[in-house]
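To keep things clear, I will list the structure first and then write my remarks on it.
Atoms within each ligand, like the ligands themselves, are counted from 1 in listed order.
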Amino acid sequence: MTYRLLVTDEIDPEGIELLRAVPEFQIDVVPTLPVPELLGRIGDYDAIVGRSATKISEQVLRAGTKLRVVGRAGVGIDNIAMDVATELGVAVINAPGGNTIAVAELFFGAVIGLLRHIPAANHSMHEGRWDRSALMGAELRGRTLGIIGLGRIGTAIALRARAFGLTLIAYDPYIADERFTAVGVTQAHSLDILLAASDIITVHTPLNDETRGLIDANAIAKLRQGAIVCNLARGGIVDDAALRAACESRQLAGAVLDVYNSEPLTGEHPYRARSEMLLMPHLGASTVEAQRDVAIDVCAAVRDALIEGELSRSVNIAAGPDDWRAVRPALDLARHAAAVARARLSDDGHRAIEGVTVKVGPDLAPAAGLVLAAAAAGALEGVVAGDRLNFINVRNVAAARGVELAITQGGDAPHPRAVEVRLRAGGTELRVGGVAAADAPPRITRIGAFHVDVAPRGTLIVIGNADVPGVVGRVGTLLGDAGVNIAEYHQARLAAGGDALAVISVDGVPDATVRVRLLAIPEVKWATIVHLQG
Ligand code: NAD
Ligand code: MLT
């Protein structure tokens, strides 16, 4: 299989090399494309890798009919229509961490630059002046730095800030109390507490509905006279008009800005006229080291997503375990178990799936959400249109069809890595379960009330029959005559002479008449043939 990748926004060559090393990839490296050109081309590609300059809008995602992966060489994903990507089953992969230090270091460079008038000093020197007395500065030492958002960058700044003798306070309602202690900052239990205590505030949160305008006129009014506001996170977290007004009125001593509501900042933007605003053109991640690191990071993850279906790095997938590879067999088992149950229910006339429930053994508990998504995919595969039904969009697809998804907890599991899938349709429920052991291929070990033992691979023929002598022979002969090669044949019964169930794993795809001929055997009560995908 060949994949086409569009790489844009000047991704570092070391990342591109990593993609070029994959024989299945055809790569087009282009500068940031104007929207109409991007819309015209995106339909040809399986993946796009870029930075924030390329907006992955709803329109782009819908035009990208083959698109499977969006790679973002950076942290922020606010340039991507995430809901639409999730709806369409497009994995969004970013590169968190690679540019953390670059932003943290820039913060100190910029704040010291503002306090010591370094840009003005440099400018005056280049203009031939010696403005020493006009450039009296101030120190960081002894000031209180308020950090809003104690994630990667907030933490990196906190750790470095101590060396400058800053007092630290941080506000982040999504971080455990112990983390504040570990980082060595005072925890502000509200934004107001932080604002009242700080001489300098710096925001390091994502831009979302909660943080848009977080630092507005009200918040700025709570700051000490002469405070400094820094935003190296995302434009819009600090309210534009409020910041300007507070600088004009000298309520604020100044601001450090790397990000803006709309980028690039227009030539005539009022910020440009204000000398107490130290402005940078979104330079936070612009170091050789950061660009190399984020490019390598995202390109490796995009490669793994396309070639191996490894989606653990996708930010729009339900959180799963750290070790995706160890969980993969359980996901395949859940998908196949659901496919078996769906085929069986469907042959019984119950086509509309009403619910999918999974139960997993204790070793798989951290991955239960993913196992459920895999089971839902197995239940809906081939039923819903489109080839992009996957772990990312399956919950949305299920919800849109009114299929209830649930995880059952408690009770004894037959194995630490057991997977049980129950499908509900037409008021009937069917249970198919198995074991995805760490050191052996997965097995289906239960279908309804019957204990079986078969590998979920290729095509499975499941038969309900009367437990009388000769059935196995007759079925085997029929399959042999039809040219169907049996890989495994497992016969199970509840009690001698009662109901029995056979599950037969065969190579290839038997022709359509095989089921009809099986049903013609008098002892065979029903027969279901399932082709397991992947
Ligand atoms: P992160 O996810 O590690 O940290 C974000 C933190 O914000 C988290 O700890 C989260 O709990 C916290 N948070 C979320 N909502 C909050 C709220 N309402 N109030 C307080 N805290 C809240 O992210 P990061 O890697 O540290 O990046 C932080 C920001 O910097 C992002 O917006 C990212 O896009 C931006 N960024 C900018 C540049 C640049 O070039 N200027 C480079 C890298 C990252
Ligand atoms: C990021 O979110 O990683 C930065 O803003 C840098 C970038 O946009 O590339």
Side-chain angles (χ1 to χ4, degrees), residues 8-12 15 32 49-56 70-80 82 92-107 109-110 146-160 169-180 182-183 185 187-195 198 201-216 219 230-238 256-261 263-265 278-287 289-295 297-298 315:
T8 186
D9 296 345
E10 293 172 5
I11 298 295
D12 187 89
T32 305
V49 181
R51 294 179 62 194
S52 50
T54 296
K55 308 286 173 238
I56 309 295
V70 172
R72 163 76 171 92
V75 187
I77 45 172
D78 42 299
N79 62 318
I80 302 166
M82 288 300 291
V92 176
I93 293 175
N94 68 347
N99 53 29
T100 300
I101 305 305
V103 181
E105 290 187 1
L106 183 66
F107 167 79
I147 300 172
I148 301 160
L150 197 60
R152 284 175 293 260
I153 295 170
T155 299
I157 288 176
L159 295 176
R160 286 156 180 76
I169 182 166
Y171 169 67
D172 190 330
Y174 301 106
I175 292 281
D177 294 0
E178 301 76 55
R179 179 83 187 142
F180 290 83
V183 176
V185 300
Q187 178 177 9
H189 289 281
S190 72
L191 181 60
D192 284 0
I193 293 174
L194 178 140
L195 294 171
S198 303
I201 61 162
T202 185
V203 290
H204 299 288
T205 69
L207 174 69
N208 53 35
D209 288 346
E210 195 190 339
T211 59
R212 189 170 287 104
L214 187 70
I215 308 303
D216 59 6
C230 307
N231 185 5
L232 288 82
R234 278 295 177 266
I237 300 174
V238 178
V256 168
L257 298 176
D258 188 40
V259 288
Y260 309 89
N261 261 327
E263 295 181 13
L265 194 70
L278 191 149
L279 307 178
M280 297 168 291
H282 203 144
L283 285 186
S286 297
T287 65
E289 297 85 348
Q291 284 313 305
R292 181 199 55 218
D293 290 353
V294 293
D297 187 18
V298 77
V315 290

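There is no side-chain donor-acceptor pair under 3.5 Å between Asn79 and Ser52.
Atoms of ligand 2 lying under 4.0 Å from at least one heavy atom of Val75, given by number and element, are 1 (C), 2 (O), 3 (O). Listed by number with element, the atoms of ligand 2 under 4.0 Å from a non-hydrogen atom of Gly76 are 1 (C), 2 (O), 3 (O).
At a heavy-atom distance under 4.0 Å, only side-chain atoms of Arg72, from C-beta outward, approach ligand 2. With a 4.0 Å heavy-atom cut-off, ligand 2 is reached by the side chain of Asn99 but not by its N, CA, C or O.
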Enumerate, one pair per line, all nitrogen or oxygen atoms of ligand 1 lying under 3.5 Å from a protein nitrogen or oxygen, stating the separation to 0.1 Å; write 'none' if no such pair exists.
| unit_1 | atom_1 | unit_2 | atom_2 | d |
| --- | --- | --- | --- | --- |
| ligand 1 | 3 (O) | Arg152 | N | 2.8 |
| ligand 1 | 3 (O) | Arg152 | NE | 3.4 |
| ligand 1 | 3 (O) | Arg152 | NH2 | 3.4 |
| ligand 1 | 9 (O) | Gly151 | N | 3.3 |
| ligand 1 | 9 (O) | Asp172 | OD2 | 2.6 |
| ligand 1 | 11 (O) | Asp172 | OD1 | 2.8 |
| ligand 1 | 11 (O) | Asp172 | OD2 | 3.1 |
| ligand 1 | 18 (N) | Glu210 | OE2 | 3.1 |
| ligand 1 | 25 (O) | Arg152 | NE | 3.0 |
| ligand 1 | 25 (O) | Arg152 | NH2 | 3.3 |
| ligand 1 | 26 (O) | Arg152 | N | 3.4 |
| ligand 1 | 26 (O) | Ile153 | N | 2.8 |
| ligand 1 | 32 (O) | Thr205 | O | 2.7 |
| ligand 1 | 34 (O) | Arg234 | NH2 | 3.4 |
| ligand 1 | 40 (O) | His282 | NE2 | 3.2 |
| ligand 1 | 40 (O) | Gly284 | N | 3.4 |
| ligand 1 | 40 (O) | Ala285 | N | 3.2 |
| ligand 1 | 41 (N) | Leu232 | O | 2.9 |
| ligand 1 | 41 (N) | Asp258 | OD2 | 2.9 |

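Taking atom 5 (O) of ligand 2 as the reference point, the nearest protein heavy-atom neighbour is His282 NE2, 2.6 Å. Looking only at heavy atoms of the protein, atom 2 (O) of ligand 2 is closest to Arg234 NH2, 2.6 Å. Looking at atom 8 (O) of ligand 2, its nearest protein heavy atom turns out to be Ser52 OG, 2.7 Å.
Annotation: side chain of Gln291 is not in contact with side chain of Glu10 (no heavy-atom distance under 4.5 Å). Considering only heavy atoms from C-beta on, Asn231 stays 4.5 Å or farther from Ile215 through its side chain.
In this structure, Asp9 contributes its side chain and Gly50 its backbone to no donor-acceptor pair below 3.5 Å. Asp78 contributes no side-chain N or O that, together with a main-chain N or O of Leu207, makes up a donor-acceptor pair within less than 3.5 Å. Ser190 places a side-chain N or O within 3.5 Å of a backbone atom of Ile193 that can act as its donor or acceptor partner.
Taking each heavy atom of Ser198 and Ile169 in turn, the nearest pair found is OG-CG2, 3.8 Å. Of all heavy-atom pairs between Phe180 and Tyr171, the closest is CE2-N, 4.4 Å.
Note: Arg212 CZ to Ile237 CD1 = 9.0 Å, rounded to the nearest 0.5 Å. Of the inter-residue distances, the one linking Ile157 atom CD1 with Ile101 atom CD1 reads 9.5 Å to the nearest 0.5 angstrom.
Ligand 2 has no nitrogen or oxygen under 3.5 angstrom from a nitrogen or oxygen of Gly74. Checked against a 3.5 angstrom limit, the closest N/O atoms of Ala285 and ligand 2 fall outside it.
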